[in-house]
Protein chains: 2
Amino acid sequence: MMEPSEPRDTLLIELVENGDRFLPHLSIDCVVFGFHASQLKVLLLKLTNADLYALPGGYIYQEEDTDQAGARILAERTGLTRIYLEQFGVFGRHDRTNNRVHQQIFESFGIPFDPDFWMWKRFVSIGYYALVDYDQVTPTPDLFSDRCDWHDVGTLPPLLFDHARLVEKALETLRLMLDHKLVGFNLLPEMFTMAELQGVYETILNRKFQRTNFQRKMLSLGILERVQKKYGGGSHKAPYLYRFDTGKA
Amino acid sequence: MMEPSEPRDTLLIELVENGDRFLPHLSIDCVVFGFHASQLKVLLLKLTNADLYALPGGYIYQEEDTDQAGARILAERTGLTRIYLEQFGVFGRHDRTNNRVHQQIFESFGIPFDPDFWMWKRFVSIGYYALVDYDQVTPTPDLFSDRCDWHDVGTLPPLLFDHARLVEKALETLRLMLDHKLVGFNLLPEMFTMAELQGVYETILNRKFQRTNFQRKMLSLGILERVQKKYGGGSHKAPYLYRFDTGKA
DNA sequence: TCAAAAGTGTTACTAATACACCCATGT
DNA sequence: ACATGGGTGTATTAGTAACACTTTTGA
């Protein structure tokens with residue numbers, strides 16, 4: 001996890017000089033999904049001094065499991081641990097990275113571009129997708145970015161390299177998973193209403209469900225526990241809150 | 001592709017000395033599925049001088065796409081090009097390889113074991129699964145194996161490292177794919193009978209289908225072209241042969 | 001008592017399954 | 001004629017979808 005007290009330049013120099021602490025040529029990119037205002041969101045970094053966005057990513061320490069590395073990278077960008085995180089593919093075209101972009105980014109930090117520098121080599125990237133509770137996330141830029149924000153999956157800004165393809169593939173995988181591995185709960189707070197859950201499914205799968213049938217189906221799975229009422233302040237009945245019962249799943 | 005005229009030792013020395021032509025710490029392992037005698041088969045290498053089996057695998061050249069590398073490795077072990085090949089996961093635990101096994105294998109070739117040698121470092125492996133026509137394959141051992149044979153997926157011999165887990169995961173993925181990405185044809189010759197196709201589905205999914213319903217369903221997909229009769233020599237009607245119509249898929 | 005949430009019941013439609021039965025055809 | 005391949009029809013069942021209607025409950 002990044003120490004907030006350390007100055008940014010120190011961290012940058014450390015990263016530059018300690019390339020041998022990482023597995024070379026191998027990176028991780030994360031597609032972090034969140035759900036807010038009836039929209040599916042993705043967490044993107046805005047590269048410093050460029051109108052270009054990138055997925056949160058990083059490198060794998062020599063003695064670190066790839067899954068651990070994914071979790072670590074995600075903790076750094078979101079402040080969250082114990083995130084639902086799953087691998088969805090490897091992106092290994094030898095020309096997927098592009099040194100013209102590298103050069104621009106690096107020189108914007110006042111560092112002369114060296115094509116032999118480890119970070120500008122060819123990289124094979126392992127794609128992970130994460131499902132998180134939107135409200136729990138503290139978006140945190142990394143060393144090469146000045147912003148970290150949520151974006152609607154429908155309207156993405158220009159993305160670095162093949163990152164648009166990664167988002168696409170992650171979304172395909174998420175849609176597949178949603179059907180038969182009750183994964184949608186991870187996008188909601190610990191307690192949620194049935195209407196919110198329905199919203200998640202409708203947004204991701206891009207179709208409407210009948211309220212009554214949806215409710216019947218979800219409850220019949222026997223993995224939702226009704227907890228209490230949600231007092232929303234309206235002049236009407238408060239909806240029930242449910243919790244995903246991990247014990248029964 | 002390996003030159004059959006080159007002596008084995010020359011190839012071995014070349015591989016040992018040219019480790020820098022490959023991406024370090026990154027390997028590919030292939031789960032090659034075939035179908036024969038109503039059984040789903042996997043292609044395994046028997047390691048020289050050890051009662052241990054391994055998946056066909058290899059390394060990625062510096063300027064090579066990972067998908068290309070997979071196809072190349074498969075061509076070397078099967079003699080086939082244009083194979084149906086798909087990635088199914090990355091195996092990246094830092095302790096997944098094991099130098100005691102490495103040592104045994106290497107010393108069996110009379111080469112002293114050097115723990116700093118590139119091949120004995122930690123490796124992250126990309127898993128690919130392939131679907132091939134059993135009869136077209138020419139199983140070919142690699143430098144570290146003395147045999148290359150088909151094995152029933154149900155009864156596998158002891159496997160190297162986490163290769164048993166790779167087979168398991170590949171099979172899971174294959175079962176998922178079979179449902180909604182008509183992939184089964186790749187396990188059969190170009191022309192096949194409906195009964196053979198049904199056999200493939202029944203074996204992989206481990207359940208029986210009603211002949212009539214199976215036939216109706218397959219034909220209703222509109223991607224099978226009936227070609228001719230199969231003269232099997234029996235005293236009965238010859239079954240039709242079908243071809244997978246790629247144009248309509 | 002109003003408004004929204006939650007639950008029940010019923011009908012219609014669709015897809016999967018099981019099975020009976022007939023036709024085709026090579027020896 | 002016989003054995004096997006290939007095809008049709010149809011009853012049953014399970015799962016989805018659509019919708020009307022009732023009940024609950026907070027302000």
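To find a chain, count down the sequence lines: A is the first, B the second, and so on, and within it residues start at 1. For clarity, every value in this text was computed on a predicted model and none was experimentally measured.
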Worksheet item: Does A:Asp152 reach the main-chain N or O of A:Thr155 with its side chain, forming a donor-acceptor pair under 3.5 Å?
Response: no
Discussion item. If we ignore hydrogens and angles and just use 3.5 Å, is the side chain of A:Arg175 paired with the main-chain N or O of A:Ile204 as donor and acceptor?
Written reply: yes
Worksheet entry | Contact list for DNA chain C against residues 185-192 of chain B - heavy-atom distance below 4.0 Å | none
Worksheet item: For DNA chain C, which residues in residues 206-216 of chain A have a heavy atom at a distance below 4.0 Å?
Response: A:Arg211, A:Thr212, A:Gln215, A:Arg216
Could you state the [atom1]-[atom2] distance from [X] to [N], rounded to the nearest angstrom?
X        : N      : atom1 : atom2 : value
B:Lys217 : C:dA18 : NZ    : C1'   : 15 Å
B:Glu196 : D:dG6  : CD    : P     : 10 Å
B:Met194 : C:dA24 : CE    : P     : 19 Å
B:Leu224 : D:dG7  : CG    : P     : 11 Å
A:Arg226 : D:dT25 : CZ    : C1'   : 12 Å
A:Gln198 : C:dA5  : CD    : C1'   : 12 Å
A:Leu197 : C:dA6  : CG    : C1'   : 15 Å

Worksheet entry | B:Arg93 atom CZ, neighbour heavy-atom count above 12 within 6.0 Å | no
Discussion item. From the set D:dT16, C:dA6, D:dG6, return the single nucleotide nearest to any side-chain atom of A:Pro239.
Written reply: C:dA6
Min side-chain heavy-atom separation [X]-[Y] under 4.5 Å:
X        : Y        : answer
A:Leu174 : A:Val31  : no
B:Met194 : B:Tyr242 : yes
A:Ser125 : A:Arg96  : yes

Worksheet item: Is the centre of the A:Tyr53 ring less than 6.0 Å from the centre of the A:His163 ring?
Response: no
Discussion item. Using 30° and 60° as the class boundaries, would you call the ring planes of A:Phe185 and A:Phe192 parallel, tilted or perpendicular?
Written reply: tilted
Worksheet item: Under 30°, 30 to 60°, or over 60°: which ring-plane class applies to B:Tyr129 and B:Tyr84, parallel, tilted or perpendicular?
Response: tilted
